[in-house]
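In what follows, a structure is listed as structure tokens, so that the remarks can point back to it.
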Amino acid sequence: MSKIDYIFITGFGRSGTTFLSHLLSQCSDVRAFHEYVGNREFELLSWYLGKSYTKPYLENQKVKIEQNPQIDNRFIDVNGAYRNCVDEVEEVFKPLKTFHLVRDPRNVVRSLYTRRDDKKIHFIPKNETDIKWWLTANKFSQICWNWKTETELLLEKNLDIIHFEKITGDYNYFKNNLLDKIDLKMDLETWQKEVAMKRNKTKPKLYRYLYAKIKGKQFVETRLPEFNDWPEDYKAIFKDICGDTMLKLGYEKH
């Protein structure tokens, strides 16, 4: 069996992982996946249990990957589920590179607000003081807290940061900051074709209503508008919780 070179891209949900995995799959000589490893349970248990769970889980997944005859060279997984177990990913897979994909949190929070199903278990704080705050906070504040907390934990890992907006808006940025670092090739024409197509976009209200009914999920009727049209109290909450982290990533507060 030939050696597999592993490359991982992680980040907070709704940051463009679906699109990026498809974009990279257009490169030759590589198998690029979206969320190949893990599921909702893995995400939650990696947050609450940590290494005692994630390391044996990832070791098991590595065996399965290396037994897959279709994967024999380079393996890329663009996967937000790794965001709370980067150390274990590095220890188990010894990847060539692990990237941190980021997107303007104003757009991430907007998208999560529409998609969040409060019937599910979510990532909540793990210390008493923050839990007391969480239990009285509104949904919007909780989403902001999730983004800020998990993004800050990822920033501590000092991974190469790649910006979704630049990947989709600047071919040279995409080539220099991602492709060249993992020795992949994609011509300008292919990139232009792919970025012109939208994927995993939040669906219209009627579609979301019918989908929720069929799946037995909570239907979230209210969608947040663009940031400039948010209620002033939401803007204040967002800036208070997310503002400093947003600046660290190169996004301006206003």
Side-chain angles (χ1 to χ4, degrees), residues 9-20 22-23 78 80 83 99-118 120 122-125 130 133-134 136-155 161-174 177-178 191-192 194-212 217-254:
I9 302 172
T10 192
F12 202 81
R14 306 305 298 161
S15 293
T17 55
T18 302
F19 172 81
L20 183 54
H22 179 85
L23 182 62
V78 189
R83 64 186 182 272
F99 295 90
H100 178 190
L101 175 65
V102 299
R103 183 185 176 200
D104 190 323
R106 289 165 288 202
N107 292 323
V108 174
V109 169
R110 280 186 68 224
S111 182
L112 287 171
Y113 190 87
T114 300
R115 287 171 169 255
R116 175 164 160 163
D117 183 350
D118 284 327
K120 292 183 177 180
H122 294 282
F123 299 89
I124 69 169
D130 287 345
W133 169 84
W134 177 274
T136 59
N138 61 23
K139 170 181 168 179
F140 180 82
S141 299
Q142 291 173 348
I143 292 172
C144 289
W145 183 92
N146 282 146
W147 179 86
K148 181 259 180 70
T149 301
E150 295 189 61
T151 299
E152 285 285 349
L153 289 173
L154 265 177
L155 287 174
I161 294 175
I162 48 177
H163 291 79
F164 176 75
E165 296 84 359
K166 294 179 181 178
I167 284 173
T168 58
D170 184 341
Y171 172 75
N172 288 326
Y173 176 91
F174 173 59
N177 292 275
L178 184 53
W191 175 83
Q192 288 174 328
E194 294 301 321
V195 298
M197 301 173 65
K198 295 181 178 180
R199 290 180 174 83
N200 206 21
K201 183 180 179 181
T202 300
K203 300 295 191 297
K205 181 177 179 180
L206 179 59
Y207 177 96
R208 292 184 288 109
Y209 173 78
L210 294 174
Y211 181 84
K217 296 183 176 182
Q218 179 187 33
F219 170 59
V220 182
E221 184 173 0
T222 304
R223 293 182 65 178
L224 281 180
E226 296 288 342
F227 177 78
N228 288 339
D229 295 322
W230 285 5
E232 290 302 318
D233 58 332
Y234 275 30
K235 288 183 180 179
I237 291 170
F238 176 85
K239 292 174 183 176
D240 180 57
I241 297 175
C242 302
D244 289 343
T245 306
M246 182 167 65
L247 286 175
K248 291 180 184 179
L249 296 175
Y251 297 105
E252 296 182 0
K253 284 188 178 182
H254 301 289

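These values consider heavy atoms only, across backbone and side chains, with no hydrogens, waters or symmetry-generated copies. Numbering of residues begins at 1 and proceeds along the displayed sequence.
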To the nearest 0.5 Å, tell me how far [X] [atom1] sits from [Y] [atom2].
| X | Y | atom1 | atom2 | value |
| --- | --- | --- | --- | --- |
| I143 | L112 | CD1 | CG | 5.5 Å |
| D244 | L249 | CG | CG | 11.5 Å |
| Q142 | Y113 | CD | OH | 11.0 Å |
| R116 | H122 | CZ | NE2 | 4.0 Å |
| I9 | L101 | CD1 | CG | 7.0 Å |
| W145 | W134 | CH2 | CH2 | 6.0 Å |

Quiz item: So, does T149 use its side chain to make a donor-acceptor pair with the main chain of N146 at under 3.5 Å?
Solution: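 Flag not set: sc T149 to bb N146 has no pair under 3.5 Å.
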
Quiz item: With distance as the sole test, does K148 use its side chain to make a donor-acceptor pair with the main-chain N or O of M246 at under 3.5 Å?
Solution: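 No, the answer is negative, given that no donor and acceptor are paired below the 3.5 Å cut-off.
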
Quiz prompt | Closest contact, heavy atoms only, D229 versus P225 | solution =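 D229 and P225 have their closest heavy atoms at O-CG, 3.5 Å.
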
Quiz item: How close do S141 and W133 get, heavy atom to heavy atom, and via which atoms?
Solution: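 Result for this residue pair: O-CH2, 3.6 Å.
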
Quiz item: With sequence neighbours excluded, what pairs up with F140 under the ring pair (Phe, Tyr, Trp, His ring centres under 6.0 Å) test?
Solution: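 If we apply the ring pair (Phe, Tyr, Trp, His ring centres under 6.0 Å) test to F140, skipping adjacent residues, the hits are W230, Y234.
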
Does any part of the side chain of [Y], heavy atoms only, come nearer than 4.5 Å to the side chain of [X], both counted from C-beta?
| X | Y | result |
| --- | --- | --- |
| T151 | R83 | no |
| L23 | F174 | yes |
| L154 | F12 | no |

Please set out all donor-acceptor pairs under 3.5 angstrom arising from side-chain atoms of residues 165-173, sequence neighbours excluded.
{"unit_1": "E165", "atom_1": "OE1", "unit_2": "Y251", "atom_2": "OH", "d": "2.6"}
{"unit_1": "E165", "atom_1": "OE2", "unit_2": "D104", "atom_2": "N", "d": "2.7"}
{"unit_1": "T168", "atom_1": "OG1", "unit_2": "F164", "atom_2": "O", "d": "3.1"}
{"unit_1": "T168", "atom_1": "OG1", "unit_2": "E165", "atom_2": "O", "d": "3.3"}
{"unit_1": "D170", "atom_1": "OD1", "unit_2": "N172", "atom_2": "N", "d": "3.0"}
{"unit_1": "D170", "atom_1": "OD1", "unit_2": "Y173", "atom_2": "N", "d": "3.2"}
{"unit_1": "Y171", "atom_1": "OH", "unit_2": "M186", "atom_2": "O", "d": "2.5"}
{"unit_1": "Y173", "atom_1": "OH", "unit_2": "H163", "atom_2": "N", "d": "2.9"}
{"unit_1": "Y173", "atom_1": "OH", "unit_2": "H163", "atom_2": "ND1", "d": "3.4"}

Exercise. Quick one: do T114 and R14 satisfy side-chain contact (heavy atoms from CB on, under 4.5 Å)? Show the steps, please.
Key: CA-CA 11 Å; T114 300; R14 306 305 298 161; over 6 Å; no

Exercise. Could you tell me whether E226 and R106 make a salt bridge, using a distance below 4.0 angstrom between a side-chain N and a carboxylate O?
Key: no

Self-check item: From CA spacing to verdict: side-chain contact (heavy atoms from CB on, under 4.5 Å), F227, R110
Solution: CA-CA 8 Å; F227 177 78; R110 280 186 68 224; 5.7 Å; no

Quiz item: Is it the case that R103 places NZ or CZ above or below the six-membered ring of F19, under 6.0 angstrom from the centre and within 45 degrees of the axis?
Solution: no

